[in-house]
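I have placed the structure first, in the form of structure tokens, so that the comments after it can refer back to it.
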Amino acid sequence: NVEPVFKPQPSTNQPNDSKATPGNTSSDNKDGVAAGKKGSKVTVKNLKYKITSNKKKSRTVTVTGGKSKKLKSVTIPATVKIAGVKYKVTAVSAKAFQGYGKLKSVTIGKNVKKIGASAFAKDKKLTKITIKGTAIKSVGKKAFANVSKKAAVKVPKKSKKAYGKLFKKGALKAKVK
């Protein structure tokens, strides 16, 4: 006589532990590294970020500046990975790149919705501004005050008119193309 070997099977009526619940302290990313907390400040490559939302479906960050005021070119990405977790870059904070004397070109990613007051003010060598997306809804006061008189702004065709008005509010005297 051979007795059958009993192997316990996982129960199908128990709650699923893989979903994040309030108060769950375990990380919800594959690396096992906890994502940053809301309000945390981090530096990735040449840019500094502040985490503005850490909810699983709406992780967002704001660019707060560059690693060095000597940057010649800045590309604000659509998304950034922090501790293995992907965040949307949705804003450029007030005075983020103000007074970066060597800054010549800026590219702003497609998820950016807001550019803060004086974000690029007094960047006298800034001549090339490229906007990748159509998400920008507000440009703060004097965001582009005192940039180069030769500055050219390239935007998506369908947003040309709307962005023209927004950038005038931001004290940009250059023509939006």
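Owing to the predicted nature of the structure, the values given are computational and were not obtained by experimental measurement.
The structure places CD1 of Ile131 at 4.0 Å from CD1 of Ile136, a figure rounded to the nearest 0.5 Å. One finds the CG atom of Asn111 at 12.0 Å from the CD1 atom of Ile76 (value rounded to the nearest 0.5 Å). In this structure, NZ on Lys57 lies 11.5 Å from CZ on Arg59, to the nearest 0.5 angstrom. To the nearest 0.5 Å, atom NZ of residue Lys102 and atom NZ of residue Lys70 are 6.5 Å apart. For the atom pair Lys128 NZ and Leu103 CG, the distance stands at 12.5 Å (nearest 0.5 Å). Rounding to the nearest 0.5 Å gives a distance of 12.5 Å between CG of Leu166 and NZ of Lys114.
For the pair Phe144/Ile129, a side-chain contact is recorded, criterion being any heavy-atom separation below 4.5 Å from C-beta on. At a threshold of 4.5 Å between non-hydrogen side-chain atoms, the residues Val139 and Tyr163 do not count as touching.
Under the side chain to side chain contact (heavy atoms under 4.5 Å, CB included) criterion, Thr107 pairs with Thr75, Thr130, Lys132, sequence neighbours left out. Under the rule for a side chain to side chain contact (heavy atoms under 4.5 Å, CB included), Ala162 has no partner lying at least two apart in sequence or in another chain. Ser73 meets the side chain to side chain contact (heavy atoms under 4.5 Å, CB included) test with Ser105; sequence neighbours excluded. Annotation: side chain to side chain contact (heavy atoms under 4.5 Å, CB included) contacts of Thr60 (sequence neighbours excluded): Thr52, Ser53, Lys88, Thr90.
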What side-chain donor-acceptor pairs closer than 3.5 Å can you find for residues 115-124, not counting sequence neighbours?
from	atom 1	to	atom 2	distance (Å)
Asp123	OD1	Gly99	N	3.0
Asp123	OD1	Tyr100	N	2.8

With a cut-off of 3.5 Å and sequence neighbours excluded, list every side-chain donor-acceptor pair involving residues 40-51.
from	atom 1	to	atom 2	distance (Å)
Ser40	OG	Lys37	N	3.2
Ser40	OG	Lys37	O	2.8

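Closest non-hydrogen pair, Lys86 versus Thr79, comes out as CE-OG1, 3.6 Å.
No donor-acceptor pair under 3.5 Å is formed between the side chain of Thr127 and the backbone N or O of Ala151.
The only option from Val92, Val106, Thr64 that meets the side-chain contact (heavy atoms from CB on, under 4.5 Å) definition with Phe97 turns out to be Val92.
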